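Basis for what follows: all heavy atoms, side chains included, without hydrogens, waters or symmetry-related copies. Values in this document were obtained by computation on a predicted structure and should not be read as measured data.
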Number of protein chains: 2
Amino acid sequence: MGIEERKERERERRRQQIMVAAKRVFSEKGFSKTTMEDISREAELSTGTLYLYFKNKEELFASLSFRILQYLLIRLEHVTKETDKGPVEKIAALKDAMYDVYEFDPLIIINMFHLQSSETLMNLSPQILSDMKEMSKKAMREMAKIFQEGIAEGIFIEKHPHALTDIVWSMFSGLVLWEESKRIINPNKDFLKPTLDIAFDILIRGIKRSEEPS
Amino acid sequence: MGIEERKERERERRRQQIMVAAKRVFSEKGFSKTTMEDISREAELSTGTLYLYFKNKEELFASLSFRILQYLLIRLEHVTKETDKGPVEKIAALKDAMYDVYEFDPLIIINMFHLQSSETLMNLSPQILSDMKEMSKKAMREMAKIFQEGIAEGIFIEKHPHALTDIVWSMFSGLVLWEESKRIINPNKDFLKPTLDIAFDILIRGIKRSEEPS
DNA sequence: TATATTTATTGATTTATAGTCATTTAATAT
DNA sequence: ATATTAAATGACTATAAATCAATAAATATA
């Protein structure tokens with residue numbers, strides 16, 4: 001029964017081949033200006049074939065986002081595992097992880113945030129949607145750990161860790177999108193890094209319990 | 001020369017008529033699922049006419065966003081003018097203003113944030129683009145005033161007011177988008193208000209100078 | 001090895017919709 | 001009453017997503 005397995009491998013290969021081509025084109029042209037024909041040309045396949053592996057354009061794009069989220073999750077798990085770091089340092093590491101992921105492919109990240117909408121998500125197949133849901137749940141849970149730890153240690157004030165996670169994530173995605181749209185007016189200026197630093201400074205100050213004499 | 005003036009008024013009327021129809025359809029179906037034909041049917045006009053008043057679908061949508069930003073600006077100006085309030089209270093009022101604007105038409109706001117991307121903005125005519133730019137600059141300047149005041153009074157820590165403004169705006173838009181995309185998975189749960197409250201609590205704590213004995 | 005069956009791929013075709021433009025209709029000026 | 005200008009129309013064009021009947025390739029069967 002080796003044939004079935006090889007076929008499965010080949011199928012996965014082709015899927016990856018399409019994703020590699022798609023990533024190239026999307027990164028260069030952005031989501032809406034990329035056509036399925038562009039991708040099929042880049043992948044040296046016909047348009048029809050793309051639809052054998054991905055339900056539609058959105059789903060193909062979502063698969064790329066999924067890979068990036070996978071990578072982010074690994075980075076986050078690494079951060080929470082570092083036992084030598086305290087919660088405050090872990091939040092700084094969290095920021096770095098997020099920023100690194102952004103830098104890895106800004107355009108895919110930007111578009112990912114744009115497509116993170118009901119209009120788009122509802123076009124995905126239940127399988128992919130549930131995979132994405134699972135992945136982001138895991139990432140959020142990982143981040144929440146840091147806040148839980150800080151609260152447990154009495155370093156952070158008592159707020160729902162999940163709410164804090166939502167805030168961090170929103171702040172990050174919001175800043176990425178806002179700085180990107182500011183760049184249209186001022187193409188040379190990129191304040192993402194410094195603004196993100198300030199945002200995290202404030203966040204840490206804001207959740208830290210005011211030191212009291214012991 | 002009264003005819004020219006009347007014509008101008010009529011032209012503006014028709015423009016508004018289209019925008020009213022567009023708002024109805026966009027609010028109901030979202031940006032991408034709305035067709036220009038839908039809007040023209042709702043406005044009881046032909047498709048061609050829409051293009052006499054708006055360069056394209058994005059520009060028609062942007063005009064709706066523009067109106068909302070205008071309304072937000074008025075609210076913000078009101079907040080900064082309230083001399084009886086301190087900077088901290090003004091930030092709370094800022095949050096309320098933002099949330100009210102969101103509640104006025106959530107779908108338009110959500111889509112506005114989604115379309116706040118280079119891909120879309122570059123499709124707008126220079127006129128509209130520069131109007132939008134001007135409007136958001138004004139809104140940002142208004143918000144920055146609050147931070148400047150707080151810093152001048154020694155209540156807030158010394159951070160660039162414009163960076164703080166960017167952070168507040170990003171946090172708001174990020175939360176709106178994130179809570180919306182969470183609603184696809186959990187349609188009945190809406191945590192925007194409480195999470196926004198927590199976010200602003202943390203922000204205020206984070207920018208407040210720690211009280212020192214005088 | 002030759003033939004049948006299954007699976008993968010193709011690209012021409014269908015479908016949908018944004019945007020255009022020649023024509024018509026209405027308003028105003030002469 | 002007629003000419004000119006402006007506004008509106010909707011059939012048409014262009015583009016791109018998605019489909020599907022036809023074809024090619026791979027595998028199983030005799």
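- Between B:E58 atom CD and C:dA18 atom C1' the separation is 10 Å, expressed in whole Å.
- Rounded to an integer number of Å, the gap from B:K7 NZ to C:dA29 C1' is 11 Å.
- Among the protein residues, A:L52 comes within range of the nucleic acid bases, having at least one heavy atom under 4.0 Å from a base atom.
- For the pair A:S46 and C:dG11, the criterion of a side-chain N or O lying under 4.0 Å from OP1 or OP2 is not met.
- Counting to the nearest Å, the C1' atom of C:dC21 and the CG atom of B:L50 are 15 Å from each other.
- B:E142 and B:T80 share a side-chain donor-acceptor pair at under 3.5 Å.
- We find that CG of B:L60 is positioned 11 Å from P of C:dA18, with the value rounded to whole Å.
- When all heavy atoms are compared, the tightest approach of B:L52 to B:R11 is O-NH2, 3.5 Å.
- C:dG19 atom P lies 10 Å from atom CD of B:E59, rounded to whole Å.
- Between the side chains of B:Q70 and B:R75, no donor-acceptor pair of N or O atoms lies under 3.5 Å.
- Between B:T47 and B:R11, the residue whose closest nucleotide on DNA chain D is further toward the 5' end is B:R11.
- Look at CZ on B:R41: it is 20 Å from P on D:dA8, rounded to the nearest Å.
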Could you go over nucleotides 13-17 of chain D and give all protein N or O partners under 3.5 Å, atom names and distances?
residue : atom : partner : partner atom : Å
D:dA17  : OP1  : A:T34   : O            : 3.3
D:dA17  : OP1  : A:K57   : NZ           : 3.3
D:dA17  : OP2  : A:M36   : N            : 2.9

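- Among the atoms of the strands shown, only primed sugar atoms or phosphate atoms (P, OP1, OP2) are found under 4.0 Å from some heavy atom of B:Y53.
- Between A:R14 and C:dT9 there is a side-chain polar atom (N or O) within less than 4.0 angstrom of OP1 or OP2.
- Taking the centre and axis of the six-membered ring of B:F147, the NZ or CZ atom of B:K159 falls outside the cone set by 45° and 6.0 Å.
- The ring-ring contact (aromatic ring centres under 6.0 Å, His included) contacts involving residues 23-44 of chain A comprise A:F26-A:F31, A:F26-A:F61, A:F31-A:F61, where partners must be two or more places apart or lie in separate chains.
- With rounding to whole Å, B:E44 atom CD is found 10 Å from D:dT9 atom P.
- Distance A:E4 CD to D:dA26 C1': 12 Å, rounded to the nearest Å.
- Remark: A:T49 is in phosphate contact with C:dT10, judged by side-chain N or O atoms under 4.0 Å from OP1 or OP2.
- With sequence neighbours left out, the salt bridge (Lys or Arg N to Asp or Glu O under 4.0 Å) criterion links B:K182 to A:D166, B:E179.
- Checked against the 6.0 Å centroid threshold, B:W169 and B:F113 count as a close aromatic pair.
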